[in-house]
Amino acid sequence: MEQKIIKITLPDASTRIFEAGTSSMDIATSISAGLARNVLAAEVNGEVWDTARPIYTDATLKLLTWNDQNAQTTFWHSSAHLMAEALEALYPGVKLGIGPAIEKGFYYDVDFGDRDFSLTELEQIEKKMLELAKNNSVYSRKEVSKTEAFEYFSQKGDEYKLELIEGLQDGQITFYTQGSFVDLCKGPHIPHTGFIKAVKLLSVAGAYWRGDIKRKQMTRIYGITFPQAKELKEYLELLEEAKKRDHRKIGKELELFAFSENVGMGLPLWLPKGTALRERLESFLRKEQIKRGYSQVVSPHIGHKNLYITSGHYEKYGADSFQGIKTPNEGEEFMLKPMNCPHHCEMYKTKPRSYRDLPLRLAEFGTVYRYEQSGELHGLTRVRGFTQDDAHIFCRPDQVKFEFINVINLVLFVFNAFGFKDFTAQISLRDPDNKTKYVGSDENWEIAERQIQEAATETGLKTVTELGEAAFYGPKLDFMVKDALGRKWQLGTVQVDYNLPERFSLEYVGADNQKHRPVMIHRAPFGSMERFVAVLIEHCAGNFPLWLTPEQFAILPISEKYNDYAQEVLQALQAQELRGVVDERNEKIGRKIRDAEVSKVPFMLVVGEQEAASKTVAVRRKGQGDLGTMEIAAFISRLSSEVNQELTLV
RNA sequence: GCCGACGUAGCUCAGUGGUAGAGUGCUUCCUUGGUAAGGAAGAGGUCGUGGGUUCAAUCCCCAUCGUUGGCUCCA
């Protein structure tokens with residue numbers, strides 16, 4: 001029986017009575033005209049609806065304005081429709097794929113046919129969008145049958161939409177219309193285009209239809225919109241600021257690393273300062289791992305081809321890898337190692353193992369080489385030669401969960417040490433519909449997947465689960481951190497592997513005096529030194545913690561007359577294992593300070609006549625200014641204690 | 001690998017169908033200065049590379065290499 005009267009519960013738990021069929025816009029109007037002017041969408045029983053959509057049942061209602069995430073998503077989705085309307089106006093006959101909102105903004109995939117599309121055309125599309133927005137065209141929703149939907153887009157000749165309709169269920173198909181533009185869309189949308197006051201189209205990119213490399217590549221146009229011009233300006237400024245944190249820029253400025261065409265793309269050169277930083281990171285982790293029962297090992301950069309045939313990697317990746325290294329011996333071939341695990345398996349096999357020996361934890365800062373697709377290379381985050389902070393834990397099946405938990409704790413320890421609070425822990429499982437992509441028995445996969453999930457639960461780790469993202473040999477838990485521009489990168493990783501022990505016939509003798517197969521856990525808390533340093537740079541904008549920074553201080557003589565004293569100070573500090581330089585240039589002190597500030601040196605030690613006479617230094621802290629004069633020993637103890645404090649915190 | 005953009009002095013970038021400019025850095029000189037840029041002079045570029053169009057190409061076209069925004073991939 002149909003209700004005549006409905007009860008609406010608002011977020012403050014108050015309730016109001018309306019006639020059935022009242023829309024959330026009507027309700028907003030009844031509350032206040034100001035609210036009605038600003039409401040973009042509504043959450044009806046937790047689902048985001050158009051404000052014009054009539055409500056026929058009792059419901060909880062939250063009116064969404066620009067400050068709500070869901071309103072912004074709706075706003076940007078509606079903006080994608082507006083862009084599509086502009087595109088149809090400017091380029092008659094374009095075909096449209098999908099046009100969703102994304103985290104910041106929206107995109108639409110467009111097929112321009114034979115036409116080449118260029119960046120320079122974005123501006124006139126923006127103009128057209130703003131012009132159309134001024135029409136205050138209402139986004140109106142219409143339920144259509146599958147047949148009607150087919151008819152409309154057949155007539156229009158848009159095969160992409162037809163394919164989408166194919167996958168939809170009759171009775172659940174809706175069209176949205178604004179102005180002259182009609183789109184297949186389940187909504188919701190903002191009330192009308194007039195809310196869209198500022199538009200910026202940011203970039204164009206090729207994107208395969210339905211993410212399939214074998215299908216047509218469409219032109220994807222990315223953009224963002226705002227209800228106020230001021231907000232767009234602020235957003236663009238934020239983007240500019242983020243670009244200043246880019247590790248590629250800071251890495252060059254601070255002389256941490258470089259690339260050379262002559263060396264080869266994706267092969268980073270670690271310069272002295274970058275190396276100093278990296279080696280500190282390595283010793284930090286090495287020390288921690290020793291505490292946690294790991295043994296450090298070293299293996300060569302190449303391995304016999306047979307090693308990778310045994311491991312299965314040759315079959316899987318051989319054709320897409322750096323190719324084999326030939327020797328003067330006919331038929332002999334080595335491969336650059338793309339991972340460390342096969343070497344570590346061979347280490348395991350150097351002697352018979354007892355169940356009492358397990359777990360065996362072999363750790364190595366192992367440099368590996370992978371022929372990544374050229375289009376994938378990106379600064380230090382995606383390279384072709386990199387060093388993993390790798391380790392393989394060989395354990396009994398009953399130890400897997402415990403070891404897994406310990407690894408999770410190690411990763412969290414590392415992330416905490418560097419202040420990475422905003423990360424995602426992702427459990428990657430098999431694609432249940434495509435099991436042939438993976439090796440290993442169903443049973444082992446199920447055990448491994450369960451153990452990962454249990455370990456995550458028991459450590460209290462908040463995780464997201466992705467199907468189909470597992471490695472081909474086992475499920476994994478990845479820790480992802482965002483870079484300055486919001487791109488996600490996988491740093492820490494933990495992976496269970498039942499496959500390699502099988503392929504390498506690894507065994508241990510159990511308490512029952514029978515042979516058993518160990519389980520392997522691959523893990524890397526940093527992921528790789530390269531990617532970790534990249535993300536760390538962006539995280540701290542090049543202002544590294546004192547214990548890590550390549551140069552902790554710069555000694556700045558007032559004039560050349562005090563260079564000798566500056567050297568004396570340097571000797572004293574270096575004797576205490578503190579790191580820094582003397583700026584002996586023929587420049588004024590103001591200049592030397594500025595340069596040291598710009599190059600992010602934490603401490604500046606000004607030395608002149610007074611300091612030389614009293615064997616002191618005038619200390620200045622980056623970003624804080626003058627801290628006053630102190631004796632060299634006092635500065636040493638201040639710097640050392642700050643370093644120690646950082647290290648006990650981490 | 002695919003689509004788009006870019007490649008000019010060590011760095012950041014301007015510019016033009018008639019063989020190139022700024023700022024900064026670098027070198028030298030003057031200055032020896034007390035907490036975010038002292039002054040002057042000078043050196044530096046086959047305009048990524050290879051073809052083509054043209055009387056003439058750094059500029060237009062093609063190819064190639066590299067970088068870059070995405071897509072796909074990622075042991």
Side-chain angles (χ1 to χ4, degrees), chain A residues 102 107 109 112 116-122 202-222 246 248-249 252-253 255 258-262 264-266 308 311-318 320-321 337-342 368-379 382-384 388 390 439 469 471-474 476 478 485 487 489-490 493 495 497 499-500 522 556-563 585-598 604-611 618-629:
Chain A
I102 52 177
Y107 67 77
D109 284 346
F112 287 102
D116 285 329
F117 185 81
S118 136
L119 256 185
T120 54
E121 299 171 51
L122 293 180
L202 296 160
S203 63
V204 297
Y208 302 104
W209 172 237
R210 305 215 124 176
D212 186 344
I213 194 165
K214 292 188 215 70
R215 306 198 61 180
K216 168 102 181 168
Q217 190 165 53
M218 306 181 77
T219 304
R220 176 170 297 178
I221 305 178
Y222 285 89
D246 192 316
R248 292 167 297 189
K249 180 176 157 65
K252 192 186 270 182
E253 284 167 358
E255 298 176 8
F259 290 89
S260 154
E261 281 187 34
N262 290 329
M265 53 161 72
Y308 303 103
S311 73
H313 293 106
Y314 187 80
E315 194 194 342
K316 184 99 182 161
Y317 296 103
D320 302 317
S321 299
K337 76 173 170 186
M339 81 292 297
N340 305 297
C341 25
V368 297
Y369 301 89
R370 297 178 184 176
Y371 190 78
E372 305 288 2
Q373 294 185 47
S374 60
E376 280 309 323
L377 301 176
H378 181 95
R382 194 80 186 268
V383 285
R384 285 178 168 173
Q388 296 176 312
D390 208 359
V439 299
E469 292 292 309
F472 77 96
Y473 52 75
K476 56 181 183 166
D478 291 328
L485 288 171
R487 290 174 290 220
W489 297 98
Q490 173 219 302
T493 180
Q495 315 182 356
D497 186 350
N499 177 48
L500 277 187
H522 310 243
L556 313 178
I558 292 285
S559 83
E560 288 169 345
K561 283 190 279 188
Y562 312 106
N563 282 355
R585 291 174 306 163
N586 176 11
E587 290 293 347
K588 289 200 186 175
I589 194 65
R591 180 50 178 277
K592 292 183 183 180
I593 286 169
R594 185 190 139 77
D595 289 346
E597 290 269 354
V598 168
M604 286 148 274
L605 307 177
V606 176
V607 296
E609 189 176 359
Q610 297 152 34
E611 289 78 15
V619 181
R620 182 190 162 98
R621 184 87 205 234
K622 175 187 171 337
Q624 291 175 23
D626 200 346
L627 299 184
T629 300

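Quick note: numbers below take in every heavy atom, side chains included, and nothing from hydrogens, waters or symmetry partners. Below, read A as the first sequence line, B as the second, and so on, with proteins coming before strands; counting in each chain starts at 1.
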Whether the side chain of [X] engages the backbone of [Y] through a donor-acceptor N/O pair (distance < 3.5 Å, no angle test) should be reported.
X      : Y      : answer
A:R215 : A:Y208 : no
A:E315 : A:G312 : no
A:R384 : A:Y369 : no
A:K592 : A:R585 : yes

Over how many whole Å does the gap from [X] atom [atom1] to [N] atom [atom2] extend?
X      : N     : atom1 : atom2 : result
A:M265 : B:U68 : CE    : C1'   : 12 Å
A:W489 : B:C74 : CH2   : C1'   : 11 Å
A:L377 : B:C6  : CG    : P     : 21 Å
A:Q388 : B:C74 : CD    : P     : 16 Å
A:I102 : B:C71 : CD1   : C1'   : 13 Å
A:R487 : B:C71 : CZ    : P     : 10 Å
A:L119 : B:G70 : CG    : P     : 13 Å
A:D109 : B:C3  : CG    : P     : 16 Å

Measuring to OP1 and OP2 of B:C71, would you say a side-chain N or O of A:Y208 lies under 4.0 angstrom away? no

N/O (side chain, A:R220) to phosphate O (OP1/OP2, B:C3) under 4.0 Å: no

On a whole-Å scale, what distance lies between the [atom1] atoms belonging to [N] and [M]?
N     : M     : atom1 : answer
B:G34 : B:U28 : P     : 24 Å
B:G7  : B:U16 : P     : 13 Å
B:G42 : B:G23 : P     : 13 Å
B:C26 : B:C65 : C1'   : 29 Å
B:A57 : B:U19 : C1'   : 9 Å
B:G4  : B:G21 : P     : 35 Å
B:G17 : B:A40 : C1'   : 38 Å
B:U12 : B:G52 : C1'   : 33 Å

May I ask you to test the [X]-[Y] pair for a side-chain heavy-atom distance under 4.5 Å?
X      : Y      : answer
A:I593 : A:R620 : yes
A:L500 : A:H522 : yes
A:W489 : A:H378 : yes

For A:V607 and A:Y562, the nearest pair of non-hydrogen atoms, with its separation, is O-CB, 4.0 Å

Can you give me the closest heavy-atom contact between A:G379 and A:V383, atom names plus distance? O-CG1, 3.2 Å

Summary of protein contacts for nucleotides 26-39 of chain B, nucleotide by nucleotide, where a base hit scores B, a sugar-phosphate-only hit scores S (4.0 Å, heavy atoms): ----BBBBBBBBB-

Under 5.5 Å centre to centre and under 30° between planes: does that hold for A:Y222 and the six-membered base ring of B:G70? no

With respect to the side chain of A:P338, which nucleotide from B:G1, B:A75, B:G70 is positioned closest? B:A75

Side chain of A:H378 - closest among B:A75, B:G69, B:G1: B:G69

Under 4.0 angstrom, heavy atoms only, what part of the nucleic acid is [X] near: base, sugar-phosphate, or nothing?
X      : result
A:T219 : nothing
A:F117 : sugar-phosphate
A:S311 : nothing
A:G379 : sugar-phosphate
A:G211 : sugar-phosphate
A:A207 : sugar-phosphate

Identify the stems formed by RNA chain B, where each pair is Watson-Crick or G-U wobble with both distances under 3.5 angstrom and a stem is at least 3 consecutive pairs. B:1-7 with B:65-71, B:10-13 with B:21-24, B:26-30 with B:38-42, B:48-52 with B:60-64

In plain terms, say whether A:E609 and A:K561 are close enough for a salt bridge, that is, a side-chain N and a carboxylate O under 4.0 Å apart. no

Electrostatic pair A:R210:A:D212 at N-O distance under 4.0 angstrom: no

Is there a donor and acceptor pair, one atom on the side chain of A:Q217 and one on the base of B:C2, closer than 3.5 Å? yes

Give a yes or no on whether a donor-acceptor pair under 3.5 Å exists between the nucleobase atoms of B:C73, that is its base, and the side chain of A:R382. yes

Tell me which of A:H313 and A:K252 sits closer to the 5' end of RNA chain B, going by the nucleotide each one is nearest to. A:K252

Between A:G318 and A:R210, the residue closer to the 5' end of RNA chain B by nearest nucleotide is A:R210

Is the glycosidic torsion of B:G7 within 90° of 0, making it syn, or is it anti? anti

Below 30° counts as parallel, above 60° as perpendicular, anything between as tilted: where do the rings of A:F117 and A:F112 land? parallel

